[in-house]
Amino acid sequence: MKVLKFGGTSVANAENISKIINILKAGDQKEKLVVVVSALGGTTDTLLEAGSFAKNGNSGYINSFKTIETRHIETVRALIPVDKQSGVLGGLKKILNELENTLEGISLLRELSIKTHDKIVSFGERLSSYIVFNTLRTQLENVSLKDSREIIITNDDFTQAIVDIETTNSNITSFFKDNISKIVVMPGFVAANKNGETTTLGRGGSDYTAALIASAIDASILEIWTDVSGMYTANPKLVKGAFPIENISYQEAMELSHFGAKVLYPPTIQPVLKKEIPM
Ligand code: ADP
Ligand code: ASP
Ligand code: MG
């Protein structure tokens, strides 16, 4: 089994999502794939902005919501064949309604707890995984969508939740043992506590979701697709002479990420190191 994670830029619009579908189609059709996706680039920030407006009783939250709504609806329209659009849009609207109601609740109460904050930001990955799954489904057979919140279990540290590795590993293994789909799409970043309440793994946490799955299922490879071609000696967007590092140990990759290379979310390496893979 192979795990592929696509970050915010990779799913930012219909054109990029189509590229992902082509990457998935081009791979070895025999190997099972787990596809972890981030929110459409910038959505998490817009959700946070919406939450903050709503908390302050500022009706600007309605505009932020509308921006998110329009963007996702347009993405569906561009990706899904017309005869299948209404069903997919119906499902999308259900998720969007839940977001709108939650924002309305925050605005009425003028209260935004960290628990509600996580609920709000989870919509980014819930929407993106729904769109990627439905697009794949129109082109390939045997594709399923699994909500990570049903298997990745954390403590109650909303916004930076700590994963209960034992329970999570066992949930992941038993889910994949019984699942016969060729491609399983999952939202990154989101998880749930023991009571089923939505938690998140920290900003950039989709990398970690993918690593948790890859480690638990002993994947043959974990690929992290993003907007730069690998780990560089420095942030290539800021440092002109930066170049991609051809080979890097897990230890060095972890250090680089801890020192600010956001190309990899720091805890991502942990599940691998815990397994004591030879370096
Ligand atoms: P994604 O949304 O796909 O998770 P991120 O924005 O989180 O992508 O991470 C990719 C970004 O990390 C790159 O666009 C780059 O600007 C930045 N970055 C910072 N340091 C490094 C580094 N050492 N190597 C590669 N990218 C880096
Ligand atoms: N969407 C989340 C964020 O923007 C998680 C991720 O992209 O990894 O932080
Ligand atoms: Mg990232």
Side-chain angles (χ1 to χ4, degrees), residues 3-13 16-17 19-20 23 35-52 64 68 71-72 75 95 99 114 117-132 147-149 152 154 158-161 163 185-191 198-214 222-269:
V3 181
L4 297 95
K5 179 258 171 177
F6 295 95
T9 324
S10 314
V11 290
N13 49 45
N16 290 5
I17 294 176
K19 285 186 194 154
I20 295 183
I23 291 169
V35 178
V36 175
V37 291
S38 292
L40 272 58
T43 303
T44 308
D45 289 333
T46 313
L47 286 164
L48 287 171
E49 177 193 84
S52 163
S64 312
I68 293 171
R71 183 173 178 195
H72 287 82
T75 309
I95 308 175
L99 168 61
I114 49 171
H117 165 287
D118 271 1
K119 172 131 202 248
I120 291 288
V121 285
S122 75
F123 282 95
E125 274 70 9
R126 287 174 60 192
L127 289 163
S128 64
S129 56
Y130 176 81
I131 293 178
V132 171
D147 191 336
S148 309
R149 295 176 300 171
I152 299 185
T154 68
F158 296 98
T159 77
Q160 284 283 347
V163 175
V185 180
M186 296 178 68
F189 181 54
V190 300
T198 300
T199 58
T200 58
L201 304 178
R203 293 302 305 267
S206 297
D207 298 339
Y208 186 28
T209 306
L212 286 165
I213 297 159
L222 162 60
E223 292 178 1
I224 298 197
W225 291 74
T226 183
D227 58 350
V228 291
S229 49
M231 289 196 97
Y232 280 62
T233 48
N235 186 344
K237 284 190 184 146
L238 302 177
V239 181
K240 244 187 169 177
F243 57 88
I245 303 166
E246 211 167 310
N247 293 297
I248 190 166
S249 69
Y250 287 110
Q251 195 64 42
E252 284 167 329
M254 183 153 80
E255 281 165 20
L256 206 61
S257 66
H258 273 288
F259 284 110
K262 79 164 182 147
V263 65
L264 201 61
Y265 183 55
T268 305
I269 310 273

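Atoms within a ligand are numbered from 1 in the order they appear, just like the ligands themselves.
Here the straight-line distance linking atom CG of Leu256 with atom CG of Leu264 works out to 8.5 Å at 0.5 Å rounding. In this structure, CD1 in Ile120 is found 12.0 Å from OG1 in Thr44, a value given to the nearest 0.5 Å. The line from CG of Leu4 to CD1 of Ile213 is 11.5 Å long, rounded to the nearest 0.5 Å.
Asp118 and Thr198 share no donor-acceptor pair across their side chains, judged by distance under 3.5 Å alone. Under 3.5 Å, the side chains of Ser148 and Thr209 contain no donor-acceptor pair of N or O atoms.
Counting all heavy atoms, side chain and backbone alike, Met186 lies closest to Ser129 at C-CB, 4.2 Å.
Between the Ser52 side chain and the Leu48 main chain, no donor and acceptor come within less than 3.5 Å of each other.
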Worksheet entry | side-chain contact (heavy atoms from CB on, under 4.5 Å) between Val36 and Val3, worked out | CA-CA 7 Å; Val36 175; Val3 181; 4.2 Å; yes
Check ligand 2 for N or O atoms under 3.5 Å from a protein N or O and list each pair with its distance.
from: ligand 2; atom 1: 1 (N); to: Thr44; atom 2: OG1; distance (Å): 2.8
from: ligand 2; atom 1: 1 (N); to: Glu125; atom 2: OE2; distance (Å): 2.6
from: ligand 2; atom 1: 4 (O); to: Thr44; atom 2: OG1; distance (Å): 3.3
from: ligand 2; atom 1: 4 (O); to: Arg203; atom 2: NH2; distance (Å): 3.0
from: ligand 2; atom 1: 7 (O); to: Ser38; atom 2: OG; distance (Å): 3.2
from: ligand 2; atom 1: 8 (O); to: Gly204; atom 2: O; distance (Å): 3.4
from: ligand 2; atom 1: 8 (O); to: Gly205; atom 2: N; distance (Å): 3.4
from: ligand 2; atom 1: 8 (O); to: Ser206; atom 2: N; distance (Å): 3.0
from: ligand 2; atom 1: 8 (O); to: Ser206; atom 2: OG; distance (Å): 3.1
from: ligand 2; atom 1: 9 (O); to: Arg203; atom 2: NE; distance (Å): 2.7
from: ligand 2; atom 1: 9 (O); to: Gly204; atom 2: N; distance (Å): 2.9

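Looking only at side-chain heavy atoms (C-beta outward), Arg126 and Arg149 come within less than 4.5 Å of each other.
For ligand 1, the 4.0 Å heavy-atom shell takes in Lys5, Gly7, Gly8, Thr226, Asp227, Val228, Gly230, Met231, Tyr232, Ala234, Asn235, Pro236, Lys237, Ala261, Lys262, Val263, ordered by chain and residue number.
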